[in-house]
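Taking it in order: structure first as structure tokens, then the write-up.
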2 protein chains.
Amino acid sequence: MEKNTHENCPVATTLNLLSNKWKILIIRELLDTTKRYGELKRNIQGVSEKMLSQSLKEMEQDKLIKRTVYAEVPPKVEYSLSEIGDTLRPIINSMKLWGVEYQEKISQN
Amino acid sequence: MEKNTHENCPVATTLNLLSNKWKILIIRELLDTTKRYGELKRNIQGVSEKMLSQSLKEMEQDKLIKRTVYAEVPPKVEYSLSEIGDTLRPIINSMKLWGVEYQEKISQN
DNA sequence: CTGAATCCGTTCTGATACTG
DNA sequence: CAGTATCAGAACGGATTCAG
């Protein structure tokens, strides 16, 4: 069985695009505004360069984010949500709401 | 850095509960109706007994599903969505819709 | 500054065999 | 029928070093 994506399960497709500890945090950072590599690294506490680069690269290939390189010295690279990535907003939001309710319910025990 | 759950990110909480190749497929099976262990095993093509048991156990601990044991021989165990698990419906659905659209957009290239 | 490359320990998965 | 136990390979994650 390959990577994931169980044939006809679009839910899994969606999940696979986000399932990695950091991607969701990256998206959260980009919801507001475009950010530079260094900003992401600083803001997302605990992420290693490897994981950040890797996640960004995959998300770019998946067309969830856009990568813009400026021909400057020193280099400047900006990341932002792509059009497709932007459509994740409502999902992210409903997951956030659900997560909050879940934590409340669970902690009541 | 532990498991996941980035301090105050409810989105991650939600994601963590589902992020395992099989859990989402299990939920899908249970959306309609209660199912027995063997049914799940047969219906979810490719899942190993270990992964199925493990996922079910975790989901039960997370209170996403209910496990009902019947004192019979041979044994009979039924799984169904819990009240909390049931509230995932809209999220599952929006993820499904998003996944479908995503696949369409991507395949247009 | 923005990464790529490497090394290495941890975790996750899956096949198989076995149990009450 | 409904699991558990074991074991090995794959994938993941992080620290560090190097490069344009």
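A note on names: the letters A, B, ... follow the listed sequences, proteins ahead of strands, and every chain is numbered from 1.
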Check the distance between [N]'s [atom2] and [X]'s [atom1] and give it to me in whole angstrom.
{"X": "A/Met51", "N": "C/dA4", "atom1": "CE", "atom2": "C1'", "answer": "13 Å"}
{"X": "B/Glu78", "N": "D/dA2", "atom1": "CD", "atom2": "P", "answer": "9 Å"}
{"X": "A/Glu72", "N": "D/dG20", "atom1": "CD", "atom2": "C1'", "answer": "15 Å"}
{"X": "A/Lys41", "N": "D/dA15", "atom1": "NZ", "atom2": "P", "answer": "11 Å"}
{"X": "B/Asn16", "N": "C/dC12", "atom1": "CG", "atom2": "C1'", "answer": "15 Å"}
{"X": "B/Leu52", "N": "C/dC12", "atom1": "CG", "atom2": "P", "answer": "18 Å"}
{"X": "A/Asn20", "N": "D/dG14", "atom1": "CG", "atom2": "C1'", "answer": "13 Å"}
{"X": "B/Ile44", "N": "D/dA2", "atom1": "CD1", "atom2": "C1'", "answer": "15 Å"}

| message | In this structure, would A/Val11 and B/Leu97 fall into the same cluster of hydrophobic residues linked by side-chain contacts under 4.5 Å? | response | no
| query | With the 4.5 Å side-chain cut-off for hydrophobic clustering, are B/Leu30 and B/Tyr70 part of the same group? | reply | no
| Set of residues satisfying side-chain contact (heavy atoms from CB on, under 4.5 Å) with respect to A/Thr34, sequence neighbours excluded | A/Glu78, A/Ser80
| remark: Residues at least two apart in sequence or cross-chain that pass side-chain contact (heavy atoms from CB on, under 4.5 Å) with A/Thr87, listed by chain then number, are A/Ile84, B/Trp98, B/Lys105
| With A/Glu49, which residues qualify under salt bridge (Lys or Arg N to Asp or Glu O under 4.0 Å), at least two apart? | A/Lys41
| message | I'd like to check the salt bridge (Lys or Arg N to Asp or Glu O under 4.0 Å) partners of A/Lys35; sequence neighbours left out, ordered by chain and number. | response | A/Glu29
| field | Axis-to-axis angle between the two ends of the helix from C/dC1-D/dG20 to C/dG20-D/dC1 (five base pairs per end, rounded to 10 degrees) | value | 40°
| task | Provide the full list of salt bridge (Lys or Arg N to Asp or Glu O under 4.0 Å) pairs with a residue in residues 51-74 of chain A, sequence neighbours left out, each pair given once. | result | A/Lys23-A/Glu58
| request: Sort and list the pairs that fulfil salt bridge (Lys or Arg N to Asp or Glu O under 4.0 Å) and have at least one residue in residues 81-90 of chain B, not counting sequence neighbours. | output: B/Asp86-B/Arg89
| query | If only atom types and distance count, is the side chain of A/Ser55 paired as donor or acceptor with the main-chain N or O of A/Trp22 below 3.5 Å? | reply | no
| query | Which part of the nucleic acid, if any, lies within contact of B/Tyr79, taking any heavy atom under 4.0 Å across all strands shown: a base, the sugar-phosphate backbone alone, or nothing? | reply | sugar-phosphate
| message | Under 4.0 Å, counting only non-hydrogen atoms across every strand here, what does B/Lys76 touch: a base, just sugar-phosphate, or nothing? | response | sugar-phosphate
| field | Partner residues of B/Ser94 under the side chain to side chain donor-acceptor pair (under 3.5 Å) criterion, sequence neighbours left out | value | none
| remark: With sequence neighbours left out, the residues meeting side chain to side chain donor-acceptor pair (under 3.5 Å) with B/Tyr37 are B/Ser53
Under 4.0 Å: is that the gap between some side-chain N or O of [X] and OP1 or OP2 of [N]?
{"X": "A/Lys21", "N": "D/dG14", "value": "yes"}
{"X": "A/Trp22", "N": "D/dG14", "value": "yes"}
{"X": "B/Arg36", "N": "D/dA2", "value": "yes"}

Would you tabulate the nitrogen or oxygen pairs shorter than 3.5 Å linking the protein to nucleotides 16-20 of chain C?
unit_1, atom_1, unit_2, atom_2, d
C/dA17, N6, B/Glu49, OE1, 3.3

| request: Return the residues of residues 54-67 of chain B meeting this criterion: a heavy atom under 4.0 Å from some atom of DNA chain D. Order them by number, or give none. | output: B/Lys57, B/Arg67
| ring pair (Phe, Tyr, Trp, His ring centres under 6.0 Å): pairs with one or both residues in residues 38-57 of chain B, sequence neighbours excluded | none
